[in-house]
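First the structure, in the form of structure tokens, and then the observations on it.
Per chain, numbering begins at 1; letters A, B, ... match sequence-line order. All values derive from a computational prediction rather than experimental measurement.
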There are 2 protein chains.
Amino acid sequence: MQTLPSGLPPLQTLRAFTAVARLKSFTMAADDLAVTQTAVSHQIAQLEDWIGGRLFVRDRRGVELTPLGQGLLPDVVGALENLEQALGRARRSLGSPKLRISTSPEFATQWLTPRLTGFCDAHPEVDVSVTVQYRRALVVNDDIDVAIWLSGGMLERGAERLTADEEFAVCAPELARELPRREGMRTAPLLRYEGARYTVLDWRRWHGQIYGDSDKHDFDGGPSYRTFPEMLDACRSGAGFALVRSSLVTDDLAAGRLVRCFTESVVSDLQYQLVIMPSRREEAQIRAFRHWILEQAKPAA
Amino acid sequence: MQTLPSGLPPLQTLRAFTAVARLKSFTMAADDLAVTQTAVSHQIAQLEDWIGGRLFVRDRRGVELTPLGQGLLPDVVGALENLEQALGRARRSLGSPKLRISTSPEFATQWLTPRLTGFCDAHPEVDVSVTVQYRRALVVNDDIDVAIWLSGGMLERGAERLTADEEFAVCAPELARELPRREGMRTAPLLRYEGARYTVLDWRRWHGQIYGDSDKHDFDGGPSYRTFPEMLDACRSGAGFALVRSSLVTDDLAAGRLVRCFTESVVSDLQYQLVIMPSRREEAQIRAFRHWILEQAKPAA
DNA sequence: CTAATGCATGAGGAAAATTCATGCAGACCT
DNA sequence: AGGTCTGCATGAATTTTCCTCATGCATTAG
């Protein structure tokens, strides 16, 4: 008969086998492999069942290889080492993969940076760098692999939408308690930042879109900050109201550092988009990043 | 940085790699490995991600190895072949495992044989044979690996109980409908079989244990059969009542071929026990059989 | 005799692999 | 050209596998 259930047993059982043979102990091998003793016991039992005979003699103070195990060990160790060398060589031949990201200050600070550690943990071999630019580089140049920028429609060929933003006003929680009504808007300053023209977070326009009465009010004169993060920092301290897009304050809202002042909001016609250099699209670290960031963006979509 | 997420990628991805390289097609490789094309696609993608570069160029009419893949293939094929040879040698050195079971005719017919196909399917490499004996061999001899016999207490060192039998009376369903009352017992014959003395399925004793009035009735004179299976066959045909132990009729009761005539039953002081030759206890096929049969016996326990 | 060490066992849950359903692109065929 | 077919990719859902937790048993040391 001698039917083979399969050509090879699970790889993990072989690694357990070599570890136990080397350390002469299930418990120490388990420690070496960073699993529990239970797992090693199961794996050795599984390999022994697969082969059809005992590989170790279990007795007091550790374990010893049977003749069967002694015959098997050198070949298994050798084959696994060959595999590791060959695969390691193939991997190293590609060099350390790099991932260079370009984005705006507000997106980097409010969205990307807090989440990026997750990607770095999952892909420690990738050398990640983030470049912050105040104005979008019209062409994704050779120093950049992927770019994330706010734009309307699909400007770049192959760009992918990351967010589905609304625009609304936020303030510090204390300010919301003191000035709960719409009229409060005129008793506390309206914060603004210099990028506002480009990113179209403009109080007058926003108010007009909702109430149609933008002419009646004065929207000028509040403090102005150089960047969105600076403005938001002031806002958190209670300096006034800030007009934001939703994807930039999800963390602040969740943590209670900021609250929405009014229920009114405008669906933004600008969205953050992921732009990948077409020639780099197939590289593994870039495919991984794309997969990761689309996943991250999902709940906000 | 170049931190390695793990020493080796999953073994299946390597087998997929060699299969695709050999057959120059994901679909054919999938067929070769007896999985779906989807699985191969995922596995190759996983290996490519692990390595960090493409191994195949996908285009019209099949796939081709990249230089990276070409460099990797010989080493991987070689290492896997070495592993397979070493493990195959170890396995063959043990010879084709045999499992010789000795038991009684009634247990073989009524319990073991119908279930044994399950074990044979799960362990096609094991050469199973069942030896039926009318009297128990007092010593499990060299031609036998395991024995299953009815006995009281733990007669053999290391014997394990398989059943928790009760003794009760059964008959064909028609007979039960016609003679539903206890008095019916005297209008239809009480079947017996020659082994009854040894296995203690004796009408007089059974009746006495329940009612204490065994002297008042006549329990002799029914038809006698040479073996339990023969008697049970007659019983199924409506020939009369049979006194049985529960584990031997579970299938017949479940299928409705037999029914219990009375609710009265006696807990048997004899149980089927599994006896394993101590010197063979560690052999894989015997451990597998022990595990299997204890599992099978559980619901009846 | 009791405690401590080391492996085994089985159930339960977490993680991984596979499949299902579907999409997309190029090649071949009228 | 347009349709159809072949071949690989993708994402969700499922199945399977693997690991861990809790516990048991045997041996040895104190």
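Where I44(A) and V35(B) each meet DNA chain C at their nearest nucleotide, the meeting point lying more 5' is that of I44(A). The residue among V40(B) and R290(B) whose nearest nucleotide of DNA chain C lies closer to the 5′ end is R290(B).
Among the nucleotides dT9(C), dC19(D), dA9(D), the one closest to the side chain of Q37(B) is dA9(D). The side chain of R287(B) has dT9(C) as its nearest neighbour among dT9(C), dT18(C), dC19(D). Considering only side-chain atoms of F26(A), the nucleotide from dA9(D), dA8(C), dC19(D) that sits closest is dA8(C). Taking the side chain of Q46(A) as heavy atoms from C-beta on, and the options dT10(D), dT9(C), dC18(D), the nearest nucleotide is dC18(D).
Side-chain N/O atoms of R245(B) and S268(B) include a donor and acceptor closer than 3.5 Å.
For the OP1/OP2 pair of dT9(C) and a distance below 4.0 Å, the side-chain nitrogens and oxygens of S41(A) include no atom meeting the criterion. Listed pair R58(A) / dG6(C) fails the phosphate criterion, with no side-chain N or O lying under 4.0 Å from OP1 or OP2. Taking 4.0 angstrom as the limit, Q43(B) places none of its side-chain polar atoms (N or O) nearer than this to OP1 or OP2 of dA16(C). A sub-4.0 Å separation between OP1 or OP2 of dC19(D) and a side-chain N or O of Q12(A) is present.
For dC21(D), the base has a donor-acceptor partner in the side chain of T38(A) [N/O atoms by modelled type, under 3.5 angstrom]. Side-chain N/O atoms of S25(B) and base N/O atoms of dC8(D) include no donor-acceptor pair closer than 3.5 Å. A donor-acceptor contact under 3.5 Å links the side chain of H42(A) to the base of dG10(C).
No donor-acceptor pair closer than 3.5 Å links the side chain of R91(A) to the backbone N or O of G52(B). A donor-acceptor pair under 3.5 Å links the side-chain atoms of T66(B) to the main chain of L55(B), judged by distance alone.
Residue T27(B) is in sugar-phosphate contact alone, with no base atom involved, counting any heavy-atom pair closer than 4.0 Å across all strands shown.
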